[in-house]
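Starting from 1, each residue takes its place in the sequence as its number.
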Amino acid sequence: MSAQPPPVPAGRTLTWPWFLAVVVVYLAILQGLGALIGVDRGSGDSQFPTTQSVVRDGVIPIGLSVLFGAGVVTWLGWWGSVLNYRVPVRRWVRFVPVSMLVVAVLAVNYPNLADQPASLVLALVAMTALVGIGEELMFRGIGVQVFKRAGLSEGKVALWSSVVFGLVHVSNAFGEGAQAVLQAVIVSTSGYFFYLCLRVGGVLLLPMLVHGLWDFSLVSNTVGTDPKTSPGMILPIVLQVVLIVLVIVRRRTIEPPARTGAGAPSVPPAHRTAGH
């Protein structure tokens, strides 16, 4: 019996150059609107000194970028494949989302948050939740689908969606200088870990949750008029290094082993993946 051809993905087609154009518009909303309505943060060490700064510099522009991403997915007709990404992965990869969730909870600067108004903390929760939703929708949602539908192997889908994710953060150089380049490299590795979260969970909700909580723990050290960095901030740095080393060492064992023969389960063509 001849093999069945892989099913044709539902929805419209979006090529990678047009995806990059979508990302540019997404960035224009974040950076442009943020510049238009943003609050002057002053010369202090605080990234978000007041509730107003969190809302106007973060919640509003990020919220509108989420709506833009949702509009793109709706126009493409990709909601089913964006929200559910059922591609097998080995069990050890579960360590990635579990460890990131645990470390994010431990690294939150609880003393600093306790000193802030409740409105600021709630605004911070809303902002970081929107970051997780918006960035995962754009890069692990639309981006992964773009490269997957272009016929790339899972390894290349992970690579290019993570590279674009990292390059987007170079835009922070307008406010943070040359260190944003290093940030982009680090963010690219984080993007790969969020991709693995997607593979583990099979749904976009898991990387959204991990991403939002991860950012909340980091930003909890930079809010308020006189923020004090928690010693727990070392934990995300250590875990980032551990995960990079782990993935490099075990990169060839991310994909499940191929099973052939009479007793092997049948895997749909769309779920067969090339090795990393």
Transitively linked via ILVMFWY side-chain contacts under 4.5 Å: [X] with [Y]?
| X | Y | result |
| --- | --- | --- |
| Trp78 | Leu205 | no |
| Leu27 | Leu36 | yes |
| Ile248 | Val241 | no |

Starting at [atom1] of [X], measure out to [atom2] of [Y] and round the result to the nearest 0.5 Å.
| X | Y | atom1 | atom2 | result |
| --- | --- | --- | --- | --- |
| Ile142 | Tyr26 | CD1 | OH | 9.5 Å |
| Glu255 | Ser153 | CD | OG | 8.5 Å |
| Leu113 | Leu124 | CG | CG | 6.5 Å |
| Ser217 | Leu101 | OG | CG | 10.5 Å |
| Ile234 | Leu106 | CD1 | CG | 14.0 Å |
| Met138 | Phe19 | CE | CZ | 6.5 Å |

Minimum side-chain heavy-atom gap [X]-[Y] below 4.5 Å:
| X | Y | result |
| --- | --- | --- |
| Phe68 | Leu30 | no |
| Leu198 | Leu206 | no |
| Trp92 | Leu246 | yes |

So with a 6.0 Å cut-off around [atom1] of [X], is the heavy-atom count from everything else above 12?
| X | atom1 | result |
| --- | --- | --- |
| Arg12 | CZ | yes |
| Trp79 | CH2 | yes |
| Trp18 | CH2 | no |

[X] to [Y] - nearest heavy-atom pair and separation:
| X | Y | value |
| --- | --- | --- |
| Val103 | Pro236 | CG1-N, 3.7 Å |
| Arg86 | Gly201 | NH1-O, 3.8 Å |
| Thr225 | Gln116 | N-OE1, 4.4 Å |
| Gln240 | Ile186 | NE2-O, 3.4 Å |
| Thr51 | Ser119 | OG1-OG, 2.9 Å |

* **Aromatic plane relationship, Phe194 with His211 - under 30° parallel, 30 to 60° tilted, over 60° perpendicular** => parallel
* Criterion side-chain hydrogen bond (donor to acceptor under 3.5 Å, both in side chains) against Asn109, the qualifying member of Asn221, Thr229, Thr222 ->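 Only match with Asn109 under side-chain hydrogen bond (donor to acceptor under 3.5 Å, both in side chains): Asn221.
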* Structure fact -> Result for ring pair (Phe, Tyr, Trp, His ring centres under 6.0 Å) between Phe139 and one of Phe147, Tyr192, Phe165 points to Phe165
* Asked: Does the distance from a Lys or Arg side-chain N to an Asp or Glu carboxylate O, for Glu135 and Arg140, drop under 4.0 Å?
  ->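 Not counted as a salt bridge, because no side-chain N and carboxylate O are separated by less than 4.0 Å.
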